[in-house]
S.K.: 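Here you go, one structure.
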Protein chains: 2
Amino acid sequence: MSSTPDTATRILDAAAELFASRGYAGTSTRAIADLASVNEVTLFRRFENKAGILQALGARMAQRQAGHAAAAAPDSEDVRETLLRLARMEIAGALEGGGLALRLAFDATTVPEVAELLGEGIPGNLDGLAEFMAEHQATGELRSDIEPHVMAEAFFGLTSSYVMYRMVMGVGAPPSDVATDKGIEQLFDLFWSGASASETTSVMEEKR
Amino acid sequence: MSSTPDTATRILDAAAELFASRGYAGTSTRAIADLASVNEVTLFRRFENKAGILQALGARMAQRQAGHAAAAAPDSEDVRETLLRLARMEIAGALEGGGLALRLAFDATTVPEVAELLGEGIPGNLDGLAEFMAEHQATGELRSDIEPHVMAEAFFGLTSSYVMYRMVMGVGAPPSDVATDKGIEQLFDLFWSGASASETTSVMEEKR
DNA sequence: TGTGTATGCAAGTAAGCACTTGCACGCATA
DNA sequence: TATGCGTGCAAGTGCTTACTTGCATACACA
């Protein structure tokens with residue numbers, strides 16, 4: 001019997017699924033073991049403790065997040081396309097973990113292990129996008145009568161509520177393909193019509 | 001020593017606060033008793049069990065929700081004002097419980113008592129608003145190239161993410177006064193600019 | 001004063017949970 | 001064949017939790 005990565009991966013997959021649906025505290029090590037089809041004691045042999053499983057999951061998520069961020073790097077000057085691609089990327093990343101990131105954000109308020117894992121991730125994302133918004137307000141693509149932070153919040157509110165409604169509340173179905181989903185594009189279009197500057201909006205009116 | 005409503009109210013207030021911040025399962029009856037400054041056994045004397053506390057809270061929330069809905073009844077034909085008032089009402093109601101409703105929506109996926117309490121509340125709200133949207137697409141106030149359900153989702157996504165960022169993730173501060181908050185109005189304006197029909201948008205452009 | 005009610009205190013019960021320990025088995029390798 | 005490694009099984013430990021039980025005290029009211 002060899003030490004294959006298979007057992008650890010099975011444990012992490014099971015933990016990801018259960019943490020996403022039940023939260024960290026609401027998931028027992030026994031449940032993880034059952035779903036992974038291993039003996040409970042094996043969890044503790046492969047990871048120091050329950051928090052160790054969470055940390056390994058966090059490292060895996062960070063790895064995938066880095067991959068997604070590289071894929072979303074802007075290769076054109078078009079603000080709309082950049083934001084749409086970012087929206088799809090955010091949604092895809094969040095759906096990939098079965099809503100785990102969103103669940104962990106909730107759990108971070110009460111579970112020390114989770115809070116430690118997440119650190120200050122979320123506000124940083126908001127700040128970065130607000131800067132992006134401010135730049136493109138200055139260059140005229142985005143309307144400038146709305147605070148950049150408000151715009152960034154509306155954007156991330158769109159992506160996070162999309163995931164929350166589907167993965168948490170069971171409203172609607174997850175998309176078969178995030179990259180081409182029409183519903184995502186319509187949601188984004190609502191945002192974009194509201195956020196873009198007046199001339200850009202006029203151009204879009206002709207397109208309709 | 002008289003049986004005043006005070007003890008039960010103190011218990012419910014304490015439970016609301018703790019359920020909102022820790023979730024139902026993450027809140028112990030001992031913690032509720034401590035926060036309410038009563039002996040733990042008193043909880044079981046006033047409410048049959050922990051789930052009974054939750055049910056009493058649900059009844060209280062439903063009562064307040066009914067009060068809010070009456071306050072938001074449309075008394076004009078203006079769609080924008082109606083939706084803005086509804087947005088403020090949704091946000092005020094959600095903030096009032098310290099984010100409890102949102103927390104319970106999460107907990108409903110894994111805790112049977114919570115799921116039973118919430119029933120089918122949320123999709124119903126979405127459907128109702130989608131009908132409202134469809135009506136006003138037909139009469140020309142709202143653009144008609146976006147599905148009504150998508151519009152309704154964008155609207156409730158706005159309100160729920162507003163609450164989530166502030167009550168759960170600690171991004172930004174809760175408003176001092178929902179009825180007059182400029183941030184809420186800007187967020188709504190972003191939505192409205194995207195959702196309204198072209199002529200209405202043009203009128204707004206002159207206003208800017 | 002006697003009775004009824006609400007509440008506190010203390011001890012206890014049964015179940016669940018994260019984790020530990022000892023033994024045994026199966027597989028791979030030298 | 002002997003050794004090392006990974007894993008399963010079973011029992012166990014100490015702690016937490018929702019809830020119960022018995023006794024006692026304080027207050028209101030007839």
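Quick caveat: nothing in here was measured; it's all calculated off a predicted structure. Per chain, numbering begins at 1; letters A, B, ... match sequence-line order.
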S.K.: Using atom CZ of B:Phe47 as one end and atom C1' of C:dT7 as the other, report the distance to the nearest whole Å.
M.R.: 15 Å

S.K.: Please state how far atom CG in A:Leu43 lies from atom P in D:dG6, giving the value in whole angstrom units.
M.R.: 16 Å

S.K.: What verdict does the side-chain contact (heavy atoms from CB on, under 4.5 Å) test give for B:Leu104 and B:Val111, after you've listed the backbone C-alpha separation in whole Å, the side-chain angles of each residue and the deciding distance to 0.1 Å?
M.R.: CA-CA 9 Å; B:Leu104 289 181; B:Val111 185; over 6 Å; no

S.K.: Just the atom pairs and distances: protein N or O near nucleotides 17-21 of chain D's N or O, under 3.5 Å.
M.R.:
{"unit_1": "D:dA18", "atom_1": "OP1", "unit_2": "B:Thr27", "atom_2": "O", "d": "3.2"}
{"unit_1": "D:dA18", "atom_1": "OP1", "unit_2": "B:Thr29", "atom_2": "N", "d": "3.4"}
{"unit_1": "D:dA18", "atom_1": "OP1", "unit_2": "B:Lys50", "atom_2": "NZ", "d": "3.1"}
{"unit_1": "D:dA18", "atom_1": "OP2", "unit_2": "B:Thr29", "atom_2": "N", "d": "2.8"}
{"unit_1": "D:dA18", "atom_1": "OP2", "unit_2": "B:Thr29", "atom_2": "OG1", "d": "2.9"}
{"unit_1": "D:dC19", "atom_1": "OP2", "unit_2": "B:Lys50", "atom_2": "N", "d": "2.8"}

S.K.: Would you say B:Thr42 reaches C:dA6's phosphate, i.e. side-chain N/O to OP1/OP2 under 4.0 Å?
M.R.: no

S.K.: Indicate yes or no: does A:Asp13 engage A:Arg60 in a salt bridge with an N to O separation below 4.0 Å.
M.R.: yes

S.K.: Before accepting this row, confirm whether a basic side-chain N of the pair A:Glu141/A:Arg80 lies closer than 4.0 Å to the acidic partner's carboxylate O.
M.R.: no

S.K.: Nearest whole angstrom, please: distance from the C1' of C:dC17 to the CD of A:Glu113.
M.R.: 14 Å

S.K.: On the nucleotide C:dC9, are OP1 or OP2 found under 4.0 Å from the side-chain N or O atoms that B:Asn39 carries?
M.R.: yes

S.K.: On the 0 to 90° scale, with breaks at 30° and 60°, tag the A:Trp192-A:Phe188 ring pair as parallel, tilted or perpendicular.
M.R.: parallel

S.K.: Write out all pairs satisfying salt bridge (Lys or Arg N to Asp or Glu O under 4.0 Å) with one or both partners inside residues 173-182 of chain B, taking only residues at least two apart or from two chains.
M.R.: none

S.K.: Compile the donor-acceptor pairs under 3.5 Å between side chains in residues 148-158 of chain A and protein atoms, sequence neighbours left out, one pair per line.
M.R.:
{"unit_1": "A:His149", "atom_1": "NE2", "unit_2": "A:Asp127", "atom_2": "OD1", "d": "2.9"}
{"unit_1": "A:Glu153", "atom_1": "OE1", "unit_2": "B:Arg166", "atom_2": "NH2", "d": "2.9"}
{"unit_1": "A:Glu153", "atom_1": "OE2", "unit_2": "B:Arg166", "atom_2": "NH1", "d": "2.8"}

